[in-house]
Asker: 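The structure that follows is given in the form of structure tokens.
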2 protein chains.
Amino acid sequence: MKKKDSSPYHHGNLKDALVEEALKMVKTDGIQSITLRELTTKLGSSRSAIYRHFSSKDELIRAVIQAGFMQLDETISPFLISNDTVLARFRNMGEAYIAFALTNPNIYRMIFGNEVQTQREESCDIHNEENSGGFQHLVALLIEGQEKKIFKDDDPILQATYVWASIHGLSNLCIDGHIHVQDNIEALFELSFETIIKGMKF
Amino acid sequence: MKKKDSSPYHHGNLKDALVEEALKMVKTDGIQSITLRELTTKLGSSRSAIYRHFSSKDELIRAVIQAGFMQLDETISPFLISNDTVLARFRNMGEAYIAFALTNPNIYRMIFGNEVQTQREESCDIHNEENSGGFQHLVALLIEGQEKKIFKDDDPILQATYVWASIHGLSNLCIDGHIHVQDNIEALFELSFETIIKGMKF
DNA sequence: ACCTGAACACCGTTCAAGT
DNA sequence: ACCTGAACACCGTTCAAGT
């Protein structure tokens, strides 16, 4: 079990522990399940200690959102910079993306939901280089595809945004049950990827 | 101003009035702004009266979501069944859809958000014929396009789902500020529509 | 940089009693 | 089919006082 620190009045790294534990709670029970009372009880700290590190619950949630966003980013990035062909990398990324959303619906919902007003520009905007290497890698992949005459010569940033939006839309509709094609959900992905690639072809 | 009913103990149609007023609150201030206390105060009814019509706040919200979904549906449906060409109808629908989302971000977020667990199958599933004429019309449009050799011969329901997901993804990312291409947001839509249509071409 | 413990305003929900 | 009014448990947030 966890050992106490030298003093009962000091937690090892409360700020990170709060974010980590909150992300766990989101993952299993959704963002609505986070209450500061339960969160601090689980960590064995006091409620008011939170306000040493975050000015409000919303600010804490923003940190949790950012942590979740980085998990998604780390899941998809490797597929974009592998040694596979352009089209294989594209497809593998898409499958990994949707798999993440289906496996972690609560985290995905939190990231792209809007229960907390975030300054996306500064946290988990997909264009933010610091947090979204994935988007940058996607842009690079599309540029490579354009150079190899696989993809149409369009603005690669707009192209990447369109791709992201399409895959995001699929993920979003699937995990929130707006579509019920469960029997042939793979057929939906197959059709979607093919249509996207055909639409962007040189 | 509003006249009282014959008896102060009977509201004209409290159930509908609650949903209507709640939808207004969502539209201007977002779903988070709805509290039963404020809602009933605005209508001049008592708090407990709500429970004559809804078993909980969540059940009320579900009715509000459904009402919002029908507004979206009524906005886009006319464009799908107009006298224009297949491609014009397709494009006009897409533009109307995104325009609705940009004009009513709070309503759009509520519809496709997940702050309240809904049984989508019974309320605002896009496949639900009762509430989503738009989706049915989109399927019909795609079938017409296939017959006229404009679109590829794919399962029209999967095709329609892919189209919906793409436009939904664009709307969603735009209103939540995950993308900041505000300067050329029209260019993004232009590229998206062209890519989608090209991807589905015969 | 934490702790305890109390307090505050706000929330959804319930209930007893009236009309 | 409503009303009033009180109560309940829960919430985020603040604060005074300690270590």
Side-chain angles (χ1 to χ4, degrees), chain A residues 2-23 25-26 28-65 106 110 113-118, chain B residues 2-23 25-26 28-65 106 110 113-118:
Chain A
K2 207 174 109 199
K3 272 283 167 195
K4 265 189 177 176
D5 290 313
S6 52
S7 159
Y9 296 104
H10 288 81
H11 196 286
N13 188 341
L14 185 60
K15 186 166 185 173
D16 290 351
L18 284 166
V19 174
E20 197 184 329
E21 186 65 38
L23 189 56
M25 291 172 71
V26 172
T28 54
D29 295 313
I31 194 173
Q32 303 279 13
S33 71
I34 296 185
T35 68
L36 300 187
R37 281 162 163 84
E38 193 173 335
L39 178 59
T40 48
T41 301
K42 283 190 176 173
L43 289 177
S45 74
S46 74
R47 255 190 322 276
S48 42
I50 290 176
Y51 296 90
R52 295 277 141 199
H53 302 287
F54 302 99
S55 70
S56 66
K57 181 185 181 181
D58 279 6
E59 201 178 292
L60 166 64
I61 298 289
R62 276 181 216 113
V64 180
I65 290 174
N106 288 330
M110 174 187 69
N114 217 52
E115 276 145 51
V116 167
Q117 285 288 1
T118 52
Chain B
K2 208 174 109 199
K3 272 283 169 195
K4 266 190 179 175
D5 290 313
S6 51
S7 160
Y9 296 103
H10 290 82
H11 197 286
N13 188 340
L14 185 59
K15 185 166 186 174
D16 289 351
L18 283 166
V19 173
E20 196 183 329
E21 187 64 38
L23 189 56
M25 291 172 72
V26 171
T28 55
D29 295 315
I31 194 173
Q32 303 280 13
S33 72
I34 296 186
T35 67
L36 300 187
R37 280 163 163 83
E38 194 173 332
L39 178 58
T40 49
T41 300
K42 283 190 176 174
L43 290 177
S45 74
S46 74
R47 250 186 332 271
S48 42
I50 290 176
Y51 295 90
R52 295 277 140 197
H53 301 286
F54 302 99
S55 69
S56 66
K57 182 184 180 183
D58 278 7
E59 201 178 292
L60 166 65
I61 298 287
R62 276 181 216 113
V64 180
I65 289 174
N106 288 329
M110 174 186 68
N114 218 52
E115 276 145 51
V116 167
Q117 286 288 3
T118 53

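Only heavy atoms go into these numbers, but all of them, side chains included; no hydrogens, no water, no symmetry mates. We name chains A, B, ... by the order of the sequence lines, and we start the count at 1 in each one.
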Asker: Reading nucleotides 8-15 of chain C 5' to 3', which nucleotides get B (base under 4.0 Å from a protein heavy atom), which S (sugar-phosphate only), which -?
Answerer: ---BBBBB
Asker: For residues B/Val64 and B/Ala22, report the shortest heavy-atom separation together with the two atoms involved.
Answerer: CG2-CB, 3.7 Å
Asker: Please list, chain by chain and in numerical order, all residues satisfying side-chain contact (heavy atoms from CB on, under 4.5 Å) with A/Ser33, sequence neighbours excluded.
Answerer: A/Met25, A/Asp29
Asker: Tell me, please, which residues at least two apart from A/Ser56 pass side-chain contact (heavy atoms from CB on, under 4.5 Å).
Answerer: A/Asp58, A/Glu59
Asker: Partners of B/Thr41 by side-chain contact (heavy atoms from CB on, under 4.5 Å), sequence neighbours excluded?
Answerer: none
Asker: Provide the distance between the two C1' atoms, one in D/dC8 and one in C/dC10, to the nearest whole Å.
Answerer: 14 Å
Asker: Would a 4.5 Å heavy-atom cut-off, applied to side chains only, mark A/Leu14 and A/Arg52 as touching?
Answerer: no
Asker: Convert the base pairs of DNA chain D into dot-bracket notation, remembering that pairs crossing earlier ones are written with [ ] and that bases paired across to another strand are shown as |; include only Watson-Crick or G-U pairs under 3.5 Å.
Answerer: ||.|||||...|||||.||
Asker: Identify the heavy atoms of B/Ile34 and B/Lys57 that sit nearest to each other, and give their distance.
Answerer: O-NZ, 2.8 Å
Asker: Tell me: NZ of B/Lys15 to P of D/dC2, nearest whole Å?
Answerer: 11 Å
Asker: With C1' as the reference atom in both, quote the distance from D/dC2 to C/dA16 in angstrom, rounded to an integer.
Answerer: 15 Å
Asker: Looking only at heavy atoms, which two atoms of B/Val26 and B/Asn106 are closest? And how far apart?
Answerer: O-CB, 3.0 Å
Asker: Would you list the pairs meeting salt bridge (charged side-chain N to carboxylate O under 4.0 Å, His left out) in which at least one residue belongs to residues 33-51 of chain A, sequence neighbours left out?
Answerer: A/Glu38-A/Lys42
